[in-house]
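Predicted model, so just to flag it, every value in this text is computed and none were measured. Computed over heavy atoms, backbone and side chain alike; hydrogens, waters and symmetry mates excluded. Naming: A, B, ... by sequence-line order, numbering from 1 per chain.
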There are 2 protein chains.
Amino acid sequence: MVKVTPVPAAETRATVTSDAVLDAALTLFARFGYHGTALSQIAEMLGVRTPSLYNHMRSKQELLRSIVDRTTSGVLADFQTATDGLTDPVERLRSASLVYALRHATHRREAIVVNRDTASLDEPHRTELQDRRREHEHALRQIISDGVEAGVFQVDTPALASFAIREMCVSIARWFREDGPLPPDQVAEQYSRFALRIAGCTRDSAT
Amino acid sequence: MVKVTPVPAAETRATVTSDAVLDAALTLFARFGYHGTALSQIAEMLGVRTPSLYNHMRSKQELLRSIVDRTTSGVLADFQTATDGLTDPVERLRSASLVYALRHATHRREAIVVNRDTASLDEPHRTELQDRRREHEHALRQIISDGVEAGVFQVDTPALASFAIREMCVSIARWFREDGPLPPDQVAEQYSRFALRIAGCTRDSAT
DNA sequence: TTGCGATACGAATGAGCGTTAGCTAGCCTC
DNA sequence: GAGGCTAGCTAACGCTCATTCGTATCGCAA
């Protein structure tokens, strides 16, 4: 058999962690999409050959699943801590839309992947994910319905306002640039105000 | 040489047009994404073998390009006819957002593909497309800036309001269902009202 | 110093992809 | 009825991809 094993010089060997793989995957999935990204690109980004990735992951699918899981959990957690203790629908909507907008300015890659490549998840995880997103959607819609009932919001169809607010925030991930003129928190603040306007908030609209 | 050519019975042969190919591609690209869709799926949807598609198209890329071209042209044309002759910023924004929202409720597949798979376009067409989208974006932003100057709109950053309005409308394509409770024109009308609210329209906000 | 676990590597595999080539059946026109 | 155009088909090519296997190396602990 052949015995020649040329072996790269010791200093050229890279070493890599699971988190590094996940982070590189996140960047590339966000740019090219799940199906548009090859494992070889992830490996190249880390200075490693493709098969070496398998020391840090089980499969390409699992990378996507990890990204999606981690992100949707974060969204729900954000929502809980943002609305916990608040009873006024106006304050609840202000706070919920603020953290949601902020997350999409500060976690752009995650947002893009989750919103674009959900369909590439294998079952049953795709359905699980959709359920968790629906949970957030219904929670937001409930705030609006409560506000309408309390007379502080004015919308014909709460579901429409809820969709509009959510997707408006999600889209921040698509245009926001870290080196742009506005920092994330100021963008989030303005978007939070947009959210109250969409809901037809009759109070406090100048804040 | 082999001469056996089993030949399917005459009635099992399908016949297909360029438009049918484009339409099937549209459906599948919208569902699975450009990279997530195989030509074999398009062929199967049409009841035809994969190579037969090449009688009606030049390449997979060309399919995407056609879809994107046609759609962005439509958006710009919509905008022109919707705002032509209107000078009041309020009416211009109302009309522009109405047709934009309506288009995304009635041309869902196109919207999804254009917004998700733009990145899969080869150069130079990707840059061309982005330029045309920017054209629409700037036109909308100009309406808002005009309205702010005229004192009928109130926003801190017109660009943010413009992004919010556009992406809110785009997202209709993601949740709208034809068999849902609201017809496209009613959804568009409510979204048009949301757009005026985002802009901080001080007039006529109950209409 | 030795041994072991973690991790990188090259080589290979099998599947699926977009695309091309060459052939053939059906339809329209003459 | 003959001939040609249209549009289908099978076969095959070359490429890329995700994944597996066996091996070599490195760093650390005994």
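If you check every strand for non-hydrogen atoms under 4.0 Å, A:Thr50 touches a base. Residue contacts shown for B:Thr37 are limited to sugar-phosphate atoms, with no base heavy atom under 4.0 Å away.
The two residues A:Leu93 and A:Ala195 make their nearest non-hydrogen contact at CD2-O, 4.0 Å.
A straight line from CG of A:Asp19 to P of C:dT7 spans 13 Å, rounded to a whole angstrom. Rounded to whole Å, atom P of D:dA18 lies 12 Å from atom NE2 of B:His35. In this structure, the CZ atom of A:Phe29 is 13 Å from the C1' atom of D:dC17, given to the nearest Å. Here the P atom of nucleotide C:dG10 and the OH atom of A:Tyr54 are 17 Å apart, to the nearest Å. In this structure, CD1 of B:Ile42 is placed 13 Å from C1' of C:dC17, rounded to the nearest angstrom. A straight line from CD of A:Gln61 to P of D:dC17 spans 17 Å, rounded to a whole angstrom. The interatomic distance linking B:Met57 (CE) with D:dA7 (P) rounds to 15 Å, in whole Å. Rounded to whole Å, atom P of C:dG18 lies 14 Å from atom CG of B:Asp122.
Phosphate proximity of D:dA7 to B:Ser52: absent, as no side-chain N or O sits under 4.0 Å from OP1 or OP2. OP1 or OP2 of C:dA8 has at least one side-chain nitrogen or oxygen of A:His56 nearer than 4.0 Å.
With D:dT19, C:dG18, C:dA8 as the candidates, the nucleotide lying closest to the side chain of B:Leu39 is C:dG18. Distances were taken from every side-chain heavy atom of A:Pro51 (C-beta onward) to each of C:dT19, D:dT20, D:dG8; the shortest belongs to D:dT20. Comparing D:dT20, C:dC17, C:dC9 by their nearest atom to the side chain of B:Ser40 picks out C:dC17. Closest to the side chain of A:Arg49, out of C:dA8, C:dG10, D:dT20, is C:dG10.
No hydrogens or angles were tested; on distance alone, a donor-acceptor pair under 3.5 Å links the side chain of A:Asn55 to the base of C:dA8.
The pair A:Arg109-A:Asp23 counts as a salt bridge, with a side-chain nitrogen and a carboxylate oxygen less than 4.0 angstrom apart. Taking the charged nitrogens against the carboxylate oxygens, A:Arg132 and A:Glu135 have no contact shorter than 4.0 Å, which rules out a salt bridge.
Aromatic ring centroids of B:His104 and B:Tyr191 lie 6.0 Å or more apart. Side-chain rings of A:His136 and A:Tyr100 approach one another, their centers coming within less than 6.0 Å.
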